[in-house]
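One structure is given below, encoded as structure tokens.
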2 protein chains.
Amino acid sequence: MGERGRPRSFDRANALQRAMELFWAKSFEGVSLSDLTTTMGINPPSLYAAFSSKEALFREAVELYRSTEGSRIWSCLDIAATARDAVFGMLRKSAEDFSRTDKPRGCLVVLGALHSDLSNTAVNRDLADLRVQSVMQLQERLQRGVEEGELSQAVDVQAIATFYVTVQQGMSIQARDGASREMLLATADCAMVAWDGLVAGQA
Amino acid sequence: MGERGRPRSFDRANALQRAMELFWAKSFEGVSLSDLTTTMGINPPSLYAAFSSKEALFREAVELYRSTEGSRIWSCLDIAATARDAVFGMLRKSAEDFSRTDKPRGCLVVLGALHSDLSNTAVNRDLADLRVQSVMQLQERLQRGVEEGELSQAVDVQAIATFYVTVQQGMSIQARDGASREMLLATADCAMVAWDGLVAGQA
DNA sequence: CCTTTTCTGTATCGATCGATAAATAAATCA
DNA sequence: TGATTTATTTATCGATCGATACAGAAAAGG
């Protein structure tokens, strides 16, 4: 039961990686098939045979982003010992990753397809869902803090989660506009200054 | 010295207003000439005669946005009696305006052209400049607070200005993702919880 | 060998992009 | 009145968009 037919002549994973970085740098609508085939080093029929369509390729690129770049940012929610460390770690990792010199700046999930065209409605909704998910993820981590006794039950976990995700999403814009790593880290620090007040009990 | 030639048959200001709301809702790249002519109720030659090009029309639309919608958000920097009221007012007005039901959600300057295509490089840089300007504007207001004795000279006005603009820019993303007015206002409140700590002197 | 299967390169599809040429209509100037 | 000027409508322009038809090439099955 070996592989039938002519074998693929390019590395699919490598081509996907290149496509991901292209979408990351220029968004779904900003990348043309011509851009993709040039960067991936293949012709259109090979792209369609391996990835079905531009939209399907983008979805795979987003999944690759989430399992690599995105994971580095959000994994500390599970790792950090306290809710505070989870939030601070997420912001610090965002500041660091958004200002890498060898990668596009900012977050693919935030910048990848902000506007809903006629042609990208599904892609746009997918990313919006992921952004909403990230609020939920943080909210659940804060709720865990409540249940573990770290945070008061009077704390408004939804408002706090929304606030810190808002800061993190704004950092994508700042990173795109050239903010230095130091400034992004300073922004994370500023956001954490609110922590003690936010978890004091009064929403 | 009256007007020569056939008079324009449409209201230029009204057409510009409609174009502005279209760009606001769908971004520069997301709006086609066909979209524009349909919404403005004119044919392509009339658009080009009155506005020169899609890019020039976008620039005028951004200026209209800044002098109306944008002004409502940033004018409190000059009006508010204290630096704190200036920041809080800017965030509150953003939360309110970004969640209006009769207008596109979020900010045209933030969402209007985030990625730089081959065709929109200039437009993209213009908006990026405006975003950097908004940090400078807030920073100058904070500096005024220092000079008036409201804030300590040890305060890091650049970091604080960047932080609050980051929150405001993140609110554009949140607004696009459907965040309620209450949640946006709660985010503004959360950001202000950091104020006392931020202006305490230690950066 | 020949058939089947799958991938590859070339060349191009119809649709849409931003932008205009050409002819006509409506105003002022002389 | 005619000449001039500007705006309008219609019908496109060349370029690019995402996506494919087609024929040849490279593998496995028989």
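Note that the coordinates shown come from a computational prediction; the quantities given were computed from them, not determined experimentally.
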Checklist line | Integer-rounded Å distance: D/dC17 C1' and A/L47 CG | finding: 14 Å
Check: OP1, OP2 of C/dT8 versus side-chain N and O of A/S9: anything below 4.0 Å?
Finding: yes
Checklist line | Backbone of B/A159 reached by a side-chain donor or acceptor of B/D156 within 3.5 Å | finding: yes
Note to self: Can you identify which nucleotide, out of C/dG18, C/dC29, D/dA28, has its nearest atom closest to the B/L33 side chain?
What the structure shows: C/dG18
Item checked: Under 4.0 angstrom between B/N43 side-chain N/O and D/dT9 OP1 or OP2 -> yes
Notebook entry, point to check: Between D/dA19 atom C1' and A/F58 atom CZ, what is the distance in whole Å?
Noted result: 19 Å
Check: Out of C/dC17, C/dT10, D/dA19, which nucleotide sits closest to the side chain of B/S34?
Finding: C/dC17
Check: In whole Å, what is the span from the CG atom of A/N120 to the C1' atom of C/dT16?
Finding: 15 Å
Next item on the list: For the side chain of B/S46, starting at C-beta, report the closest nucleotide among D/dA19, D/dT8, C/dC7.
Entry: D/dT8
Next item on the list: Can you figure out which of C/dG18, C/dT8, D/dG29 approaches the side chain of A/R6 most closely?
Entry: C/dT8
Next item on the list: Nearest whole angstrom, please: distance from the P of D/dC17 to the CZ of A/F28.
Entry: 13 Å
Note to self: Considering every strand and a 4.0 Å limit on heavy-atom distances, what is the contact class for B/P44: base, sugar-phosphate, or nothing?
What the structure shows: base
Check: Roughly how many Å is it from CZ in B/R4 to C1' in C/dT28, rounded to a whole number?
Finding: 5 Å
Notebook entry, point to check: Which whole-number value in Å describes the distance from A/Y48 OH to D/dC22 P?
Noted result: 18 Å
Next item on the list: Measure from CZ on B/F51 to C1' on C/dT20 and round the result to the nearest Å.
Entry: 18 Å
Note to self: Using heavy-atom distances to pick each residue's nearest nucleotide on DNA chain C, tell me which of B/K54 and A/P7 is more 5'.
What the structure shows: A/P7
Next item on the list: Using a strict cut-off of less than 4.0 Å between a Lys/Arg side-chain nitrogen and an Asp/Glu carboxylate oxygen, indicate whether B/R181 and B/E96 qualify as a salt bridge.
Entry: no
Margin query: Using a 4.0 Å heavy-atom cut-off, does B/F10 contact any base of the nucleic acid, only the sugar-phosphate backbone, or nothing at all?
Written below: sugar-phosphate
Next item on the list: Quickly work out the B/I42 CD1 to C/dA25 P distance and round it to whole Å.
Entry: 21 Å
Next item on the list: Report the nucleotide, chosen from C/dC29, C/dT6, D/dG18, that has the shortest atom-to-atom distance to any side-chain atom of A/S32.
Entry: D/dG18
Check: Taking the six-membered ring for Trp, are A/F23 and A/F28 parallel (under 30°), tilted (30 to 60°) or perpendicular (over 60°)?
Finding: parallel
Margin query: How long is the straight-line distance from CG of A/D97 back to SG of A/C107, given to the nearest 0.5 Å?
Written below: 10.0 Å
Checklist line | Candidate pair A/S27 and A/E29, rule side chain to side chain donor-acceptor pair (under 3.5 Å), full reasoning | finding: CA-CA 6 Å; A/S27 88; A/E29 308 90 340; 3.2 Å; yes
Next item on the list: Tell me which nucleotide among C/dT28, C/dG18, C/dT20 gets nearest to the side chain of B/P45.
Entry: C/dT20
